[in-house]
Amino acid sequence: MGATRVIETLVLSLLLFLSGSSATQRQKTRAGPRLPCKQMVFYFHDILYNGENAKNATSAIVGAPAWGNRTILAGQNHFGNVVVFDDPITLDNNLHSIPVGRAQGFYLYDRKDYFTAWLGFSFFFNSTQYRGTIIFAGADTLNKTRDISVIGGTGDFFMARGIATLTTDAVEGDVYFRLQVYIKLFECW
Amino acid sequence: MGATRVIETLVLSLLLFLSGSSATQRQKTRAGPRLPCKQMVFYFHDILYNGENAKNATSAIVGAPAWGNRTILAGQNHFGNVVVFDDPITLDNNLHSIPVGRAQGFYLYDRKDYFTAWLGFSFFFNSTQYRGTIIFAGADTLNKTRDISVIGGTGDFFMARGIATLTTDAVEGDVYFRLQVYIKLFECW
Amino acid sequence: MGATRVIETLVLSLLLFLSGSSATQRQKTRAGPRLPCKQMVFYFHDILYNGENAKNATSAIVGAPAWGNRTILAGQNHFGNVVVFDDPITLDNNLHSIPVGRAQGFYLYDRKDYFTAWLGFSFFFNSTQYRGTIIFAGADTLNKTRDISVIGGTGDFFMARGIATLTTDAVEGDVYFRLQVYIKLFECW
């Protein structure tokens, strides 16, 4: 009897101790397997303006180094080119599928001796299936797959954090590329 | 003996109660109501350089597509224009109120068929009331209100995460706009 | 009596099991001291293209206001200049040390009356010591030290969050600067 009360007190104080969450310490180190709380796969399609495709282009060069211009990507692996894009997002790898959202933001080429880029963009959804945004930032490379960060989200993706694995699904010269984006969220609210 | 069983039950239900939350697993899925740990409302004021207002301008076009320039926002909803800004933050919607900080960073227009923009910027505070920075990224739209992400913070806003709801409070042509920023932090350290 | 001890053991192991952890509510407010889960110090070196140093330059002006150009940083504290960089990261402050990674991304000058900048970049590692990226965003200033945010990471720095304290270690005119970056992660997975 006395023991029960002692234990109840212990458990209660434990509950209070934990209430409002967390940390109790201002540090988090997690052990155990990495399990996504949400996974999604999308494709997006980028058609770069080259002076002749104004109608179809979904992106445009808006910054260039002194030795570049804004209709042709610069030499040295396009180092210094800044591109703004508004690309359709599809569920499969067909450019002509009905878009489920828009990939919007910028990328900039940031290496002279081979291709790398820095990306800052959002997936913007406004359909019956998804409503809200997923915010991405990170480094793109020539690797077969590469990870960028999901740094935030709104709406259905409120406070999201995670990883997006990029795979280049198609490239046509300097004008068209298609990326597969495999999103794995590890913080879901 | 009975006491032990009671306690085991208590501890087990506690474990179940906590399972899926948190750490011990490398995944976080949160249930329950969304309660901000900190809320703040600010306004910021953007005066875009147009070739004639060098003295008052708080922002300038620094990138444009091939068909644009840097004193007039481009056609097609300014697609491709990149703007750098250093805008005063005020507590009310009066441009002439004493600034409590600076909104600094960039936005870029990223849609041809109607207005959307991508924002990356900080609120920079250095007063007796607040000291530190709040870092924002996300998608701006024509919606009456729209949410962007708080992706980090320093000083008084160390490790902040949350949402900022933007409301356009005033627009005067292409030269002036004022945004209300309602910040709701959901991670406070 | 025996029961109490059993329970104490259960509760204690539960406490250990939960320590460092997490969220049963959709809000997190942390008390207690701020203890980094990982700390690292690096240097990176930026050599800005000035029209004459194409071979050595690691960065280039790619955006400028209407009154600027892309080989000389603009007046008014370079307000509006956007710079893309691919800078070597070293373990000490010697430009000629073997790089352990690359700092890649952009900075933009965002204040007319004195120097401030906005940074978005990654540390990219691909060595035996580190593999992965750390993503940074935030406000740079003239202060002796200033904090920016670690907003994400991949690979060895999966899901990282924290702070990076920047210290200007050297400046040579408008062409060279070296930053010390003291990274303190407060979320480690």
Side-chain angles (χ1 to χ4, degrees), chain A residues 2-4 6-7 10-11 13-14 17-31 34 62-68 76 79-82 106 108-113 116-118 120 136-139 141 143 146-152 158-159 161-163 165 186-187 189, chain C residues 1-4 7-8 10-11 14-15 18-37 49 51 54 58-63 69-71 82 84-86 102 104-106 120-122 124 132-133 135 137 151-155 158-159 161 186-189:
Chain A
T4 322
V6 167
I7 288 134
L10 274 169
V11 171
S13 56
L14 182 63
F17 177 70
L18 291 164
S19 79
S21 75
S22 105
T24 64
Q25 269 196 319
R26 277 178 159 173
Q27 178 193 357
K28 294 193 297 184
T29 306
R30 294 193 185 80
R34 294 174 182 172
V62 303
W67 59 86
Q76 296 188 293
F79 179 80
N81 275 133
V82 181
F106 71 100
L108 49 85
Y109 292 93
D110 58 8
R111 181 129 192 187
K112 289 181 190 175
D113 45 353
T116 64
W118 207 85
F136 304 85
T141 69
N143 289 352
R146 52 277 182 192
D147 287 345
I148 60 172
S149 288
V150 173
I151 59 172
F158 177 77
M159 291 287 284
R161 288 195 80 225
I163 290 291
T165 300
F186 293 85
E187 298 198 12
W189 284 61
Chain C
M1 291 291 267
T4 322
I7 288 135
E8 278 178 351
L10 275 170
V11 171
L14 183 64
L15 263 172
L18 290 163
S19 78
S21 74
S22 85
T24 51
Q25 268 197 322
R26 277 180 159 171
Q27 178 193 359
K28 294 192 296 180
T29 307
R30 294 193 184 78
R34 294 173 183 174
L35 303 170
C37 43
Y49 176 70
T58 64
S59 66
I61 303 171
V62 302
N69 64 53
R70 291 171 296 175
T71 45
V82 181
V84 168
F85 62 94
D86 168 33
R102 311 293 298 185
Q104 300 181 315
F106 71 101
F121 66 103
S122 304
F124 183 84
T133 61
I135 323 291
I151 59 172
T154 65
F158 177 77
M159 292 286 284
R161 289 194 80 224
F186 292 86
E187 298 197 13
C188 304
W189 284 61

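A, B, ... follow the sequence lines: proteins, then strands. Residue 1 opens every chain.
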Point to revise | Point-to-point distance, once rounded to the nearest 0.5 Å, from CE of C:M159 to CD1 of A:I163 | key: 7.0 Å
Study note, to complete from the structure: Honestly, the part of A:F106 sitting under 4.5 Å from a heavy atom of chain C is side chain
Review point. Who passes ring pair (Phe, Tyr, Trp, His ring centres under 6.0 Å) against C:Y49, sequence neighbours left out?
Key: A:W67
Check your understanding: Can you name the closest pair of heavy atoms from A:A66 and C:T71 and give their distance?
Key -> CB-CG2, 3.8 Å
Check your understanding: To the nearest 0.5 Å, what is the distance between CZ (A:R34) and CH2 (C:W189)?
Key -> 9.0 Å
Review point. Quick one: what part of C:I61 sits under 4.5 Å from any heavy atom of chain A, side chain, backbone, both or neither?
Key: backbone
Review point. Looking at A:V62, A:T116, A:D110, A:D147, which one has more heavy-atom pairs under 4.5 Å with chain C than the rest?
Key: A:D110
Exercise for review: Measure distances from C:F124 to the heavy atoms of chain A and classify the residue's part below 4.5 Å as side chain, backbone, both or neither.
Suggested key: side chain
**Study point:** C:A137 portion near chain A, given a 4.5 angstrom heavy-atom threshold
**Key:** neither
Review point. Which atom pair, heavy atoms only, marks the closest approach of C:T154 to A:S149?
Key: CG2-OG, 4.0 Å
Review point. Is the closest basic N to carboxylate O distance between A:R161 and C:E187 below 4.0 Å?
Key: yes
**Study point:** Side chain, backbone, both or neither of C:T133 within contact of chain A (heavy atoms, under 4.5 Å)
**Key:** side chain
Check your understanding: ring-ring contact (aromatic ring centres under 6.0 Å, His included) between C:F85 and A:F79: does it pass, once the steps are laid out?
Key -> CA-CA 9 Å; C:F85 62 94; A:F79 179 80; 9.4 Å; no
Practice item. Give the member of C:S122, C:A60, C:G152 that has the highest number of heavy-atom pairs under 4.5 Å with chain A. Key: C:S122
Review point. So, A:R111 side chain and C:D86 main chain: donor-acceptor pair closer than 3.5 Å or not?
Key: no
